[in-house]
Number of protein chains: 2
Amino acid sequence: MSETVKSPRERYRAQVRDEIKAHAWAQVATTGAAALSLNAIAKQMGISGPALYRYFRNRDELMTELVLDAYRDLSTTCRAAAATAHTPTTRLAAVAGALRRWALAEPHRYLLIYGTPVPGYAAPPEATAIAASIMSVLMDAFTAASAAADTASDAATGPLPKPAAALDRHLATHRQWAADHPAPPAVLRCALTFWTRLHGVVSLEVAGHFTGMNFDPALLYAAEADAAIAAR
Amino acid sequence: MSETVKSPRERYRAQVRDEIKAHAWAQVATTGAAALSLNAIAKQMGISGPALYRYFRNRDELMTELVLDAYRDLSTTCRAAAATAHTPTTRLAAVAGALRRWALAEPHRYLLIYGTPVPGYAAPPEATAIAASIMSVLMDAFTAASAAADTASDAATGPLPKPAAALDRHLATHRQWAADHPAPPAVLRCALTFWTRLHGVVSLEVAGHFTGMNFDPALLYAAEADAAIAAR
DNA sequence: CGCTTCAGTTATAACCTCTAACTCCAGTAT
DNA sequence: ATACTGGAGTTAGAGGTTATAACTGAAGCG
């Protein structure tokens, strides 16, 4: 760590950058990413607007930084949750629970990643790399789960439905996103559906589409997580 | 229809309102809802900015109008798709296909409804009513599907997993959103999961989260739709 | 200890939403 | 038919935003 010793200038610069990001996160948490205002941040910090442009080229660069922070945080949260459990199925359940808690803790942070992309904005390659790393957590767990299922009772799950089989055949050749992961197509499919199903529930929840419906999204989420795990 | 005869003033007013909305939709389609600019619309129409405020109290009112239009269009699209099929399962498949086509035809329109809510904005009660009507299409189809399954072979689907059973018990009492629909809890659960699963795939697709992954979302979507229908 | 680099400043441009005050014409009512 | 009035559209302007340009002054560097 002592090798990261920097000049005073750079130390100060990094410190101010972090302070800016802290204020930005506060804004995102309260009013959402769309209302993020560089001017307001500067005012809160007691400096004038254009001073911020010494630290971030423009609004998009700050936004990208926030997106990457959010991705990183989500990734470590999922990995930490996975590490707490020792059986494959409980590990998947732990990741599912952690994902929802993470999303509900700061809805705007979840929406910053998975919500409406800003018009001209394109996610940086690093973001997709982190997203892939989250998927690898799921693929690891599903690999272990399917192995355990083989040794135990591989029946119960009858023949694969046609569309699922077609998806598996497709994923056998179209697996660029999991190129460095040795999982078979079925595991890729399971990880993918696990992700999309959980996102389906939690994204509607954080966007407020369940508010008027008067039921507990937690139960729906639990049922979906369970189904996705049991389906194998 | 001839009873809706209006004064010339009101005819003109309605016409201009529609023209404004047409330009707004064009903007939403190209740059997204977040970048919707009343000024730009006025410029395109050859009038000056403040003139628009004769027709819409503010930006939010125009946005609300667009949201309601989108909801209405999605609702009629789903109902039309459901009407094309004659068996319950093909009807569900038709609705699923129509939903994805509708979303992909204009991604920003889908995101306008199901994407990140704008900061201070709250959906009008009419929107939730239309959303409920979309759900009722699904509940009708699942009701018919489960009835058909009873007459045929109700086995295959073994005992309900614990979390799903818990959700069913919860929905038995928490069904405000389907108060005027006689469907049993299991049907509510099926409709709900059908919705969330399809949304999970299509929302990630329109938000561009599959772009770097190099697989065909259509196959994943088809597999998910099929699974949600087969699960009953 | 001088020089240079850079953080922060003000001024400014070009947008945005939205209000206020005014003009003027067209539809309405007598 | 004509007088009246309501409303559509105008300009001016307040207050917000992102972002650039030019300048100042101090702090770090050699």
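In what follows, chains are A, B, ... by sequence order, proteins preceding strands, each numbered from 1. The structure displayed is predicted, hence computed values, not measured ones. Side chains are part of it too, since the values below use all heavy atoms of this structure and drop only hydrogens, waters and symmetry mates.
Atom CD1 in I20(B) sits about 11 Å away from atom C1' in dA8(D), given to the nearest Å. Between the CD1 atom of I47(B) and the P atom of dT11(D) there is a distance of 12 Å, rounded to whole Å. If you measure from atom CD of E10(B) to atom P of dG6(D), you get 15 Å, rounded to the nearest angstrom. As rounded to whole Å, 11 Å separates atom P of dA8(D) from atom CZ of R17(B).
Residue contacts for S37(A): at a heavy-atom cut-off of 4.0 Å it reaches the sugar-phosphate backbone alone, with no base atom in range. Among the heavy atoms of the strands, none lies under 4.0 Å from L62(B). Among the protein residues, R59(B) comes within range of the sugar-phosphate backbone only, with heavy atoms under 4.0 Å from sugar or phosphate atoms but none that close to a base.
Ring orientation note: the planes of F210(B) and W195(A) are nearly perpendicular, at an angle over 60° on the 30°/60° scale. Between Y114(A) and Y110(A), the angle of the ring planes lies from 30° to 60°, which puts this pair in the tilted group.
Side-chain N or O atoms of R59(A) include one that pairs as donor or acceptor with a backbone N or O of L36(A) at under 3.5 Å. Judged by distance alone, the side chain of T116(A) and the main-chain N or O of G115(B) form no donor-acceptor pair under 3.5 Å. Counting only distance, with no hydrogens or angles, the side chain of H209(A) and the backbone of I113(B) share a donor-acceptor pair below 3.5 Å. Here the side chain of Y221(B) pairs a donor or acceptor atom with the backbone of A96(B) at under 3.5 angstrom. Side-chain N or O atoms of R91(B) include none that pairs as donor or acceptor with a backbone N or O of A141(B) at under 3.5 Å.
Residue R9(B) places no side-chain atom within donor-acceptor reach of the base of dA8(D), judged by atom type and a 3.5 Å distance cut-off alone.
A heavy-atom distance below 4.0 Å to DNA chain D is reached by these residues of residues 49-57 of chain A, ordered by number: P50(A), Y53(A).
We find the CD1-CD distance between I41(A) and Q27(A) to be 4.5 Å, quoted to the nearest 0.5 Å.
Two residues, N58(A) and Y12(B), neighbour DNA chain D, and the one matched to the more 5' nucleotide by heavy-atom proximity is Y12(B).
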Listing, residues 130-137 of chain B side-chain donor-acceptor contacts under 3.5 Å, not counting sequence neighbours, or none:
from    : atom 1 : to      : atom 2 : distance (Å)
S133(B) : OG     : S75(B)  : OG     : 3.1
S133(B) : OG     : R79(B)  : NH1    : 3.2
S133(B) : OG     : I130(B) : O      : 3.1
S136(B) : OG     : S133(B) : O      : 2.8

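From the 5' end on, the contacts that DNA chain C makes with chain A at under 4.0 Å to a non-hydrogen atom open and close at dT5(C) to dA11(C).
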